[in-house]
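Remarks on the structure that follows.
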Number of protein chains: 2
Amino acid sequence: MPRKHPAADQPLRLDNQICFAVYSAAHAFNRVYKPLLDRLGLTYPQYLVMLVLWERDDVPVKDIGERLFLDSGTLTPLLKRLEAAHLVKRTRSSEDERQVLIALTAQGHALKDKARAVPQSILAASDCSVSELVAMKDEIVALRDRLNAVIGE
Amino acid sequence: MPRKHPAADQPLRLDNQICFAVYSAAHAFNRVYKPLLDRLGLTYPQYLVMLVLWERDDVPVKDIGERLFLDSGTLTPLLKRLEAAHLVKRTRSSEDERQVLIALTAQGHALKDKARAVPQSILAASDCSVSELVAMKDEIVALRDRLNAVIGE
DNA sequence: TCACATTTAATTGTTCGCAATTGAATGTGC
DNA sequence: GCACATTCAATTGCGAACAATTAAATGTGA
């Protein structure tokens, strides 16, 4: 008699897919971030770009893209929206006119102070110790890097 | 003298964000899946819907949404594309006319055989043992569920 | 110098993802 | 039975995400 889930089907079961775990966790994070970032007037990808710029600004679009694994098709319109919100300024480099340099405005710099509350709220929502989160993060990053290594073949 | 990364900034550093690890890992998975799913004529979210339906079809849109954490705004157009590809059929339930039941076509069922090659390729790309992947998956799912629990408050 | 390749952003078109709203069907409390 | 709330899918609008292409600037080799 046929079993409920024949062995041959196990690899195709949704609950066995690590990719779905990652995919659905990313969406869950997004939903937790949403109300926090609404107060900053940012979407989650915009917040990521701001994190990059708060570490170092006046960088070309390409650098931001390499850091976040995003291309100009995603970043160009996103950065235009950040510019429309007066958080960044986009200027063509004079040394290399192919590049567009992204710099923070005063408002963009100032937003960093407001943003400091965000990671605390996320930590609370995770309901998990910092060391556990760090360990998970490192594992996930290692997996991501192995996946990305395969793509570049 | 100021340090490179003052302690107050540590929580805002990109590389310390578990959410970015998850976000970027999800994109990395997506890129690995893309060439595999292209052969099936599916996008990654469409593949997830098919995984759900291969386990059990003739289910309302809502059930699929609960399983994948997606709403009708995402699923309705996606399911219409799957219908246009002759993989599913959408019919209003006669018992409850509010519901639209999603059933697999013969083609939709048949695609399952082709799909069996996908998880193997992903496992290879992960470059990691099954037991390690299962352990990670369980941790990520547990984190996701804690995050989702916070949202419903 | 000049042809050619490479680099960089921008653009176009398709597909997600979600908030907010709509409209129809169903359930409920009186 | 009837007003009312709830449920479900569809729709609209906006912001990603990415493939593919374009155009301009720069680099390279003969």
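Worth saying up front: this structure is predicted, and the values here are computed from it rather than measured. Numbered from 1 within each chain, the chains take letters A, B, ... in sequence-line order.
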Suppose we screen for side-chain contact (heavy atoms from CB on, under 4.5 Å). Which residues come up paired with A/Ala103, at least two apart in sequence or across chains? A/Asp57, A/Asp58
Return each pair, listed once, that meets ring-ring contact (aromatic ring centres under 6.0 Å, His included) where at least one residue sits in residues 33-62 of chain A; pairs must be two or more places apart or across chains. A/Tyr33-A/Tyr44, A/Tyr33-A/Tyr47, A/Tyr44-B/Tyr23
Qualifying residues under side chain to side chain donor-acceptor pair (under 3.5 Å), relative to A/Arg98, sequence neighbours excluded: A/Asp96
Salt bridge (charged side-chain N to carboxylate O under 4.0 Å, His left out) partners of B/Glu66, counting only residues at least two apart: B/Lys62
Residues in side chain to side chain donor-acceptor pair (under 3.5 Å) with B/Lys114, at least two apart? none
The criterion is salt bridge (charged side-chain N to carboxylate O under 4.0 Å, His left out); which residues satisfy it with B/Asp15, sequence neighbours excluded? A/Arg67
For residues 75-86 of chain B, which residue pairs pass the side chain to side chain donor-acceptor pair (under 3.5 Å) check, not counting sequence neighbours? B/Glu83-B/Arg90
By side chain to side chain donor-acceptor pair (under 3.5 Å) - contacts of B/Glu132 (at least two apart): B/Ser129
A/Leu87 side chain near A/Gln46 side chain, heavy-atom distance below 4.5 Å: no
Summarise how protein sits on nucleotides 5-16 of chain D as a single string, 5' to 3': B when a protein heavy atom is under 4.0 Å from the base, S for sugar-phosphate-only contact, - for no contact. --BSBBB---SS
DNA chain C: first to last nucleotide in contact with chain A (atom under 4.0 angstrom from a heavy atom), 5' to 3', is C/dT7 to C/dC18
Tell me, please, which residues at least two apart from B/Arg144 pass side chain to side chain donor-acceptor pair (under 3.5 Å). A/Ser24
For the helix from C/dT1-D/dA30 to C/dC30-D/dG1, what angle lies between the axis at the first five pairs and the axis at the last five pairs, to 10 degrees? 20°
